[in-house]
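Written out below as structure tokens is the structure these notes cover.
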There are 2 protein chains.
Amino acid sequence: MNLENTKAQMRKGILEFCILALLSQKEAYASELIQTLKDAKLLVVEGTIYPLLTRLKNDGLLSYRWEESTSGPPRKYYLITQLGKDFLSELTTTWKQLTDSVNKVTRG
Amino acid sequence: MNLENTKAQMRKGILEFCILALLSQKEAYASELIQTLKDAKLLVVEGTIYPLLTRLKNDGLLSYRWEESTSGPPRKYYLITQLGKDFLSELTTTWKQLTDSVNKVTRG
DNA sequence: AACAGGTACTCTGTATTGCATGGTACTATT
DNA sequence: AATAGTACCATGCAATACAGAGTACCTGTT
């Protein structure tokens with residue numbers, strides 16, 4: 001039993017929610033999202049976020065456009081779609097219910 | 001992209017926490033835990049909880065004792081160990097940090 | 001123009017876990 | 001003895017976070 005492992009498991013399914021929420025506020029590219037999540041103490045690495053973004057895009061929740069950068073290779077800016085906004089709305093409800101339930105159970 | 005699937009993913013890693021928390025309040029057997037979690041709207045089924053309890057026991061976080069029942073087969077009552085209490089304490093901190101971080105990110 | 005360093009994106013394989021499903025065993029009731 | 005209810009257990013699958021290795025582009029220095 002490993003605390004780090006359990007932490008990782010707790011994060012499962014939450015990243016989708018966080019990324020949709022961030023992109024609903026403003027468009028961003030992957031490295032930018034990683035930095036934002038790190039600042040919020042939600043550890044994420046490249047190998048996690050790139051497949052996730054691709055998955056969300058393939059499911060129609062996100063779209064993207066290329067943009068040139070003055071300090072490196074071009075960036076893939078991701079935008080949330082209407083479908084993504086609808087899904088985010090449901091996830092928000094789900095998250096609230098989940099935290100309520102957990103807090104109820106764990107506070108005895 | 002499936003909401004039910006995402007919900008299931010969000011639940012990952014949280015069950016450990018809930019079960020340790022419940023057992024820190026009082027000992028219980030599997031079916032009893034399932035009912036408690038269902039009442040709190042945290043869906044759990046047998047196929048999920050039995051392997052989890054076994055895992056927690058094998059890791060030394062739980063122990064158990066058999067007790068006869070007047071209305072069916074004997075029950076395996078699980079108890080939290082000192083190691084389990086220590087782990088629960090860390091999980092509590094982890095859960096707080098996680099919800100704080102998610103709420104910060106998703107409320108923009 | 002060749003090279004180094006930084007930035008950005010991609011792919012593969014692994015470990016873990018929630019869950020569906022089916023099965024075993026014990027008790028009480030009919 | 002047959003059925004229904006309760007409790008426990010085992011197997012296999014699907015999904016995902018992550019490590020690690022790799023590709024490609026740009027800028028600045030030599």
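Here is how names work: the chains are called A, B, and so on, in the same order as the sequence lines, proteins then strands, and each is numbered from 1.
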**OP:** Please determine if a side-chain N or O atom of Y50(A) lies less than 4.0 Å away from the OP1 or OP2 oxygen of dT10(C).
**Re:** no
Original post:
Taking only residues two or more places apart in sequence or in another chain, which ones pass side-chain hydrogen bond (donor to acceptor under 3.5 Å, both in side chains) with T94(B)?
Top reply: none
Original post:
Hey, which of R75(B), K38(B), K76(B), K26(B) is the one that makes salt bridge (Lys or Arg N to Asp or Glu O under 4.0 Å) with E32(B)?
Top reply: K26(B)
**OP:** Whole angstrom is fine here: how far is it from CE in M10(B) over to P in dA17(D)?
**Re:** 11 Å
Original post:
Does L23(A) reach the side chain of L33(A), with side-chain heavy atoms less than 4.5 Å apart?
Top reply: yes
Subject >> Spacing of N58(B) atom CG relative to dT16(C) atom P, expressed in whole Å >> reply: 14 Å
Original post:
Below 4.0 angstrom from OP1 or OP2 of dA7(D), is there any side-chain N or O of S31(B)?
Top reply: yes
Original post:
When you check the phosphate oxygens OP1 and OP2 of dC19(C), does a side-chain N or O of N5(B) lie under 4.0 Å from one of them?
Top reply: no
Original post:
L15(B) versus L37(B): any side-chain heavy-atom pair under 4.5 Å?
Top reply: yes
Subject >> Value in whole Å for how far the P atom of dC19(C) lies from CG of L15(B) >> reply: 7 Å
Distances for protein N or O near nucleotides 21-30 of chain C N or O, under 3.5 Å:
none

Original post:
Taking for each residue the nucleotide of DNA chain D with the nearest heavy atom, is it K12(A) or Y78(B) whose nucleotide lies nearer the 5' end?
Top reply: Y78(B)
Subject >> Distance, rounded to the nearest Å, where L53(A) contributes CG and dC11(C) contributes C1' >> reply: 15 Å
Original post:
Ignoring hydrogens and geometry, is there a side-chain-to-backbone donor-acceptor pair from T81(A) to L61(A) under 3.5 Å?
Top reply: yes
Subject >> Whole angstrom value for the distance that separates C1' of dC18(D) from CZ of R55(A) >> reply: 13 Å
Original post:
Counting only side-chain N and O atoms of R11(B), is one of them less than 4.0 Å from OP1 or OP2 of dC19(C)?
Top reply: yes
Original post:
Around R65(B), counting heavy atoms of other residues, nucleotides and ligands shown, do more than 12 lie under 6.0 Å from its CZ?
Top reply: yes
Original post:
Does the gap between the ring centers of Y77(B) and Y29(B) come in under 6.0 Å?
Top reply: yes
Original post:
Quick one: is dA8(C) close enough that its OP1 or OP2 comes under 4.0 Å of any side-chain N or O from R75(A)?
Top reply: yes
**OP:** Let me know the distance between CD of E16(B) and P of dT16(C), rounded to the nearest Å.
**Re:** 12 Å
**OP:** Scan T48(A) against the nucleic acid and name what it touches under 4.0 Å (heavy atoms): base, sugar-phosphate only, or nothing.
**Re:** base
**OP:** Could you tell me whether E4(B) contacts a base, only the sugar-phosphate backbone, or nothing, with contacts defined as non-hydrogen atoms closer than 4.0 Å?
**Re:** nothing
Original post:
Which comes earlier along DNA chain C counting from the 5' end, the contact point of E32(A) or that of L52(B), where each point is its nearest nucleotide?
Top reply: E32(A)
Subject >> Whole-Å gap separating P (dT16(D)) and CD (Q9(B)) >> reply: 5 Å
Subject >> Length of the line joining L3(B):CG and dA15(D):C1', which is rounded to integer Å >> reply: 15 Å
**OP:** Give the C-alpha distance, both sets of side-chain angles, the deciding distance and a yes or no for side chain to side chain contact (heavy atoms under 4.5 Å, CB included) between F87(A) and T6(B).
**Re:** CA-CA 10 Å; F87(A) 197 74; T6(B) 302; 3.7 Å; yes
Subject >> Under 4.0 angstrom between Y29(A) side-chain N/O and dC9(C) OP1 or OP2 >> reply: no
